[in-house]
Amino acid sequence: MTNIEIAWIFNEIADLLELAGENFYKVLAYRKASRSLQRINAEVADLQREGRLSDVPGIGKNLRSKIEEILKTGKCTYLEELRRNVPQGMRYMLAIPGLGPSSIRLIYQKLSVETLEELEKAAKKKKIRELPGMGPKTETNILEGIKMLKSIQDCVPLGVALPLAELMVSQLTSIQGVKRAEICGEIRRGKEMVADIDLLVAATSPRDVIDIFLSHPRFKESWVSGAFQATAISLLGVKVNLKVVSPEEFAAAWFYYSSSGRHIDKLNEIAANQKYKIISKGFKSEKEKENGIIMPESEEEAYGFLGLPYIPPELREGSGEIEAAIANSIPKLITAENIRGDLHIHTNWSDGLNTIEEMAEAALKRGYEYIAITDHSRSLSVADGLSVEKLIKQFEVIKELNKKMSGFRILSGIEVDIRTDGTLDYPDEVLAMADIVVASVHSGFKQDSATINLRVQRALENPYVRILGHPSGRILGRRDPYALDLEQILETASRKGTWLEINSSPDRLDLSSYWARKAKEKGVVIAINTDAHDVSRLDDIRFGIITGRRGWLESENVINTWPLDKLLTELGGMF
DNA sequence: GCCGTTTTCGGCCCGACTGTTTTCAGTCG
């Protein structure tokens, strides 16, 4: 049992307790423990062996014994009991924005509504508005929420799927007779929401690999789905597909199964001219007297066979990449090595976990040249937003820290709230003192299009704003973007030279790859930031990078690939 | 449920916004 799986159990317990109307702080305790488990670097199983479970923040006597039970039996009886008492459907309802545990409980108690389907029916029949404290808006909101949930049905965010896929790959690789194991499918293309985890293995004896796969303890269901295929549902509810091929077939299969259907279709048009058809094993001759299959030894060779340069998986969506390949203008996509810094980072001065120094050291260890400390501004009180005095104090502390560091620079920044009227949360003279200002929306998400457009435009007109943070405001699978007209925002950003963020948090990935590509076309520069609230989340940068790659970004399109000198010149302050 | 204690229990995550109301409860960051 991994940390994340135990964290999920605690999270589910928290949800169910909340739905049952339990004490708020008890719920909070489970949520804190869940977050804590996902943050720590050590494996829970190791800590338990060493008797150090209680060292984990938020794990007391009670939760420790629950972890021990889970590690020992793979089950949590407390969770099972809760599940018996709270209908599972109520938990799904929590995903509807604006609908919280109290309302769900009320609807359940008064209308006996237990599932999303029943909830939808009740809303359509205008039954919800009859309940105290609810009205037509709540009904509309419920119906919209259900519509959103249906659109992402059975999908999980890349941030959940990728780590699980990597774990599976490393385990498959260690099986005897396995020559190679790789991720393919949507994950390899970097899609933000993933329906399946697709894994490909090269092995000499497929049956053995499939048998081991089927009996994996992390699956709640598994079955054989073909001679060389198996499918499973993981404990987290994600579908996992395994295909096993011979080592000779591997390159062709990896190429084939990593590409979207549209990509393969378009390639097939080219292959048809050469009288070949692309199949998972390679290129099948369609000439009358031949019946052989040409098997490429690498993906490069597969594209070479069609007279094309290599196309990275993130581009293989059939959205112009083949045309670009023919014109020999496939972009040189940004890589992790290009990133030289992170311009959106929180510390324990606001709602982060680590000190400025710890964040800087962690960034230095990653090989970065700079970071910007951008804690929350004063009106975000839940996140301990900084008062003007505290912010100025932080600037002084950073100044002192910089004197001690060589070859690394901490920029003093701020993530300033764009207030509901478009003014910023600090006066200009305070913003002027910062090296860099990230402006973000953290309130009034439901403003109508005209209002929020005006609001954000107004913020962008402020001369000190350099980056617009998480521009669309979406939370994957939980909250739709604000009613913001991003086309217009791109226009303004282009005119003002404002940088737009790709927020790498796997919950956000905002801008999306679609808008990142649009930004590039408009000549708008992107900042790929993590918005990290602790040192471990600096790793999230990879999700931002893969999103940037899907958005066709090259290193020159991304501000934080620039060396420190160039960045400082661009920022134009007194350094 | 955790934590930090003046070791046995009180404090912990608050304030803006929303939709429903005429004064507030629920939601969310």
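Just the heavy atoms: all of them, side chains too, but no hydrogens, waters or symmetry mates, feed the values below. Sequence lines set the chain letters: A, B, ... in the order given, protein chains first and strands last, and positions in each chain run from 1. A quick note: this is a predicted structure, and the numbers were derived from the prediction, not measured.
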**Item:** Test item: Ile526(A) and Ile559(A) side chains (from C-beta on) under 4.5 Å apart, heavy atoms
**Value:**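 Heavy-atom side-chain distance check fails, nothing below 4.5 Å.
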**Nucleotide paired to dC12(B) in any strand shown, Watson-Crick or G-U, under 3.5 Å** =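 Matched dC12(B) with dG1(B) under the 3.5 Å cut-off.
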**Request:** Let me know, please, whether Lys66(A) or Leu28(A) comes out on the 5' side of the other along DNA chain B by nearest nucleotide.
**Result:**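 In this pair, the answer is Lys66(A).
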Candidates [options] - which lies nearest the side chain of [X]:
| X | options | answer |
| --- | --- | --- |
| His442(A) | dC13(B), dG29(B), dG1(B) | dG29(B) |
| Tyr25(A) | dG29(B), dC2(B), dC12(B) | dC12(B) |
| Pro101(A) | dG29(B), dG19(B), dT27(B) | dT27(B) |
| Ala29(A) | dC2(B), dG29(B), dC12(B) | dC2(B) |

Taking atom [atom2] of [N] as reference, at what distance in whole Å does atom [atom1] of [X] sit?
| X | N | atom1 | atom2 | answer |
| --- | --- | --- | --- | --- |
| Lys26(A) | dC9(B) | NZ | P | 19 Å |
| Ile142(A) | dT27(B) | CD1 | P | 10 Å |
| Tyr482(A) | dC17(B) | OH | P | 14 Å |
| Lys137(A) | dC17(B) | NZ | C1' | 13 Å |
| Ile96(A) | dT18(B) | CD1 | P | 20 Å |
| Leu99(A) | dA25(B) | CG | P | 18 Å |

**Message:** At 4.0 Å (heavy atoms only), tell me whether Lys32(A) reaches a base, stays on the sugar-phosphate, or touches nothing.
**Reply:**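 Touches nothing.
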[X] vs [N]: side-chain N/O to OP1/OP2 distance below 4.0 Å:
| X | N | result |
| --- | --- | --- |
| Tyr30(A) | dG1(B) | yes |
| Thr138(A) | dT20(B) | yes |
| Arg479(A) | dG29(B) | yes |
| Ser103(A) | dT27(B) | yes |
| Thr420(A) | dC17(B) | yes |
| Ser102(A) | dT27(B) | yes |

**Prompt:** How are the rings of His533(A) and His346(A) set to each other: parallel, tilted or perpendicular (split at 30° and 60°)?
**Reply:**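 His533(A) and His346(A): parallel rings.
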When rounded to the nearest Å, what value does the distance between [atom1] atoms of [N] and [M] take?
| N | M | atom1 | result |
| --- | --- | --- | --- |
| dG15(B) | dT20(B) | P | 25 Å |
| dC2(B) | dT7(B) | C1' | 16 Å |
| dT23(B) | dG29(B) | C1' | 24 Å |
| dT5(B) | dC13(B) | P | 15 Å |
| dT21(B) | dG26(B) | P | 13 Å |
| dG1(B) | dT6(B) | C1' | 23 Å |

Determine whether the side chains of [X] and [Y] contain a donor N or O and an acceptor N or O closer than 3.5 Å.
| X | Y | result |
| --- | --- | --- |
| Asp375(A) | Thr347(A) | yes |
| Glu501(A) | His470(A) | no |
| Gln447(A) | Arg455(A) | yes |

**Prompt:** Any Lys/Arg nitrogen of Glu487(A) or Lys522(A) sitting under 4.0 Å from an Asp/Glu carboxylate oxygen of the other?
**Reply:**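 Looking at Lys522(A) together with Glu487(A), the answer is yes, because their closest N to O distance falls below 4.0 Å.
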